Amino acid sequence: MSNIVIVGTQWGDEGKGKIVDLLAEYADIVVRFQGGNNAGHTVVVDGKQFISHLVPSGILQKKRCIIGNGLVVDPEVLIEELDELKTMGINPGPDELMISEKAHVIMPYHKSVDLAREKKKGDKKIGTTGRGIGPAYEDKATRRGIRFVELIDSKVFKEKVTTILEEKNFYLKNYLSAETLDPEVIIEQYSHYAQRLAPHVTNVSVSIFEAIKAGKQVLFEGAQGTHLDIDHGTYPFVTSSNTVSGNACNGAGVGPKEISGVIGIVKAYTTRVGRGPFPTELFDKTGDFIQEKGAEFGATTGRKRRCGWLDTVILKNAVRLNGLTGITITKLDVLGGLKSLNICTAYEFEGKVVKDFPAGLKVLAGCKPIFETLPGWSEDISGIRKIEDFPENAKNYLKRIEELIETPIDIVSVGPGREETIVIKNPFS
Ligand code: GDP
Ligand code: IMO
Ligand code: MG
């Protein structure tokens, strides 16, 4: 029996949703363990696209889906997502969708603070998704958060909201020059959310533990990417949670001995939404080609994604930080048509070679990528279903990545559809 963690290795949007949906076929349970609706995970089945922001991407495979304690959940967005799924004939009951009683609730003031802070920062902004993620995690850390167990207890909820709003309104009005919020309106609105979601709220750690004991397989679905991790990413241009595989345990309530493998999702090139350092970013026609061919627009905010060459400095960082046992290469099809491809193997900073991803933003900003150039291919590879059938140059590109990051490629994705995939080694086998 295997329990597998899926994480992003770059700056998010690597194609985690597609691979989680694919591998969910072999899992009994799919668990999200961190983040919130800053995530946008795209799944395409039979030509139909579904973007999940909170519900784990295993939902289309009709597997038990769990929202772990490590998330910050906007109940309004979750309900919207459940309503959308209903129109697709998917209506998970309390056993099919479970929400940790310890997951934190995103409140209207979290969103207001997020947006107003970004506005106040002007060109020093982070470029957040504006979904209230940072302020919600901030309240969790300062022990002012509201969890689902409190949301569904109307008396406790009312007390908490009334108390905290005094402080939030003062801050919104006097520091951020933003609109204040009415506690009565929030209490009324959230009482409906509580009623709707209460049947799903439970102790998910116990459910996962019992399932593993009974021989079931669990797939842990990461959000964002390793370089958006609050500890290990390009701080402060990061999200507010730990995105690395170790947090699958914390964020779901399981012990590390249950994890049998960690798959890192690697886009065949690099993208980033929002601001922050990006050493291999392209500002030329090649960057535009990748952005257009890869349809690189954020699945949550619709913003254009910045595009650049594959960077093995960050990939090696991801291999180590996550303990990757294998990787999946996605969007290889997008690179078809480029005469040559660059792979960044190290950086140069003030005349010195830098092999390990630096922590300092000033150093990062001064790092120039050192590239190795490989020949490209012109063929459309999206219809190919066997590695042997790839053009030689595509095979060499994959081989070189494996060599540079010393980690095997288990899966290659050549299109957004579930079937547009080549599984070399199934992590569940
Ligand atoms: P996630 O956040 O990691 O789940 O990734 P997103 O869903 O935000 O972004 C990935 C985008 O690439 C989505 O639009 C997917 O449908 C698409 N995609 C995934 N794999 C492939 C692939 O192999 N080829 C192409 N062309 N598109 C892909
Ligand atoms: P998925 O799971 C890409 C980025 C934002 C911003 C920074 C902080 O789809 O890969 P936040 O709202 O989290 O406080 O924003 O993190 N970001 C993502 N970028 N993919 C994501 O999720 C992201 N979630 C957050 O753009 O730069
Ligand atoms: Mg995404």
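For the single chain, residues carry numbers from 1 onward in sequence order. Bear in mind that the values here come from a model prediction, so they are computed numbers and not experimental data. Counting starts at 1 for both ligands and their atoms, following the listed order.
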Is it true that D114 lies under 4.0 Å from ligand 2, counting heavy atoms only?
-> no
Where the Mg ion (ligand 3) is the centre, what is the OD1-to-O angle for D13 and G40, rounded to 10°?
-> 170°
Those atoms of ligand 1 less than 4.0 Å from some heavy atom in S413 | 20 (N), 21 (C), 22 (C), 23 (O)
If the plane angle is over 60° it's perpendicular, under 30° parallel, otherwise tilted; pick one for Y190 and Y193.
-> perpendicular
For ligand 2, is any non-hydrogen atom under 4.0 Å from L228's backbone (N, CA, C, O), its side chain (CB onward), both, or neither?
-> side chain
Would you mind running through ligand 2 and noting each atom that sits below 4.0 Å from a heavy atom of G127?
-> 5 (C), 6 (C), 26 (O), 27 (O)
Could you walk me through whether E296 and K267 pass salt bridge (Lys or Arg N to Asp or Glu O under 4.0 Å), step by step?
-> CA-CA 11 Å; E296 293 296 352; K267 201 180 272 188; 3.0 Å; yes
Which of the ligand 2 atoms, numbered from 1, are nearer than 4.0 Å to a heavy atom of G274 | 27 (O)
Report yes if some N/O of G12 lies less than 3.5 Å from some N/O of ligand 1; otherwise report no.
-> no
So, for Y137 and H104, is the gap between ring centers shorter than 6.0 Å?
-> no
Ligand-residue contact atoms, ligand 2 with A39, heavy atoms, under 4.0 Å = 1 (P), 2 (O), 9 (O), 22 (O)
Is the shortest N/O to N/O distance between N38 and ligand 2 below 3.5 Å?
-> yes
Y269 and W309: aromatic ring centres closer than 6.0 Å?
-> no
Check each atom of ligand 2 against the heavy atoms of A223 and keep those under 4.0 Å away; list them by number with element.
-> 2 (O)
For ligand 2, which atoms sit closer than 4.0 Å to a heavy atom of V238?
-> 7 (C), 8 (C)
Would you check the N or O atoms of G40, main chain and side chain alike, for any that come under 3.5 Å of an N or O of ligand 1?
-> yes
Indicate whether the side chain of D311 and that of T270 have a donor and an acceptor atom separated by less than 3.5 Å.
-> no
Under a 4.0 Å heavy-atom limit, does Q10 contact ligand 1 with its side chain, its backbone, both, or neither?
-> neither
Check each atom of ligand 1 against the heavy atoms of G17 and keep those under 4.0 Å away; list them by number with element.
-> 4 (O)
The answer for which part of I51 has a heavy atom under 4.0 Å from ligand 1 is neither
Of all the heavy atoms in G415, does at least one lie under 4.0 Å from an atom in ligand 1?
-> yes
Specify the protein heavy atom at minimum distance from atom 20 (N) of ligand 2: its residue, its atom name, and the distance to 0.1 Å.
-> D13 OD1, 3.1 Å
Ligand 1 and G15, any nitrogen or oxygen pair closer than 3.5 angstrom?
-> yes
Among G17, G40, G298, closest by any non-hydrogen atom to atom 9 (O) of ligand 2 | G40
State the atoms of ligand 2, each with its element, that fall below the 4.0 Å cut-off from a heavy-atom position in R303.
-> 5 (C), 26 (O)
Close N or O approach (T42, ligand 1; < 3.5 Å) | yes
Heavy-atom contacts with K16 under 4.0 Å: which atoms of ligand 2 show up? List them by number with element.
-> 1 (P), 2 (O), 10 (O)
Touching ligand 2 at all, S240? Heavy atoms, strictly under 4.0 Å?
-> no
Using distance alone, decide if ligand 1 has a nitrogen or oxygen within less than 3.5 Å of any nitrogen or oxygen in Q49.
-> no
Can you list the atoms of ligand 2 that are under 4.0 Å from a heavy atom of W11?
-> 3 (C), 19 (N)
Between Q224 and ligand 2, is there a nitrogen or oxygen pair with a distance under 3.5 Å?
-> yes
Is ligand 2 less than 4.0 angstrom away from at least one heavy atom of H41?
-> yes
For ligand 1, the portion of A299 having any non-hydrogen atom under 4.0 Å away = side chain
N or O pair under 3.5 Å between K16 and ligand 1 | yes
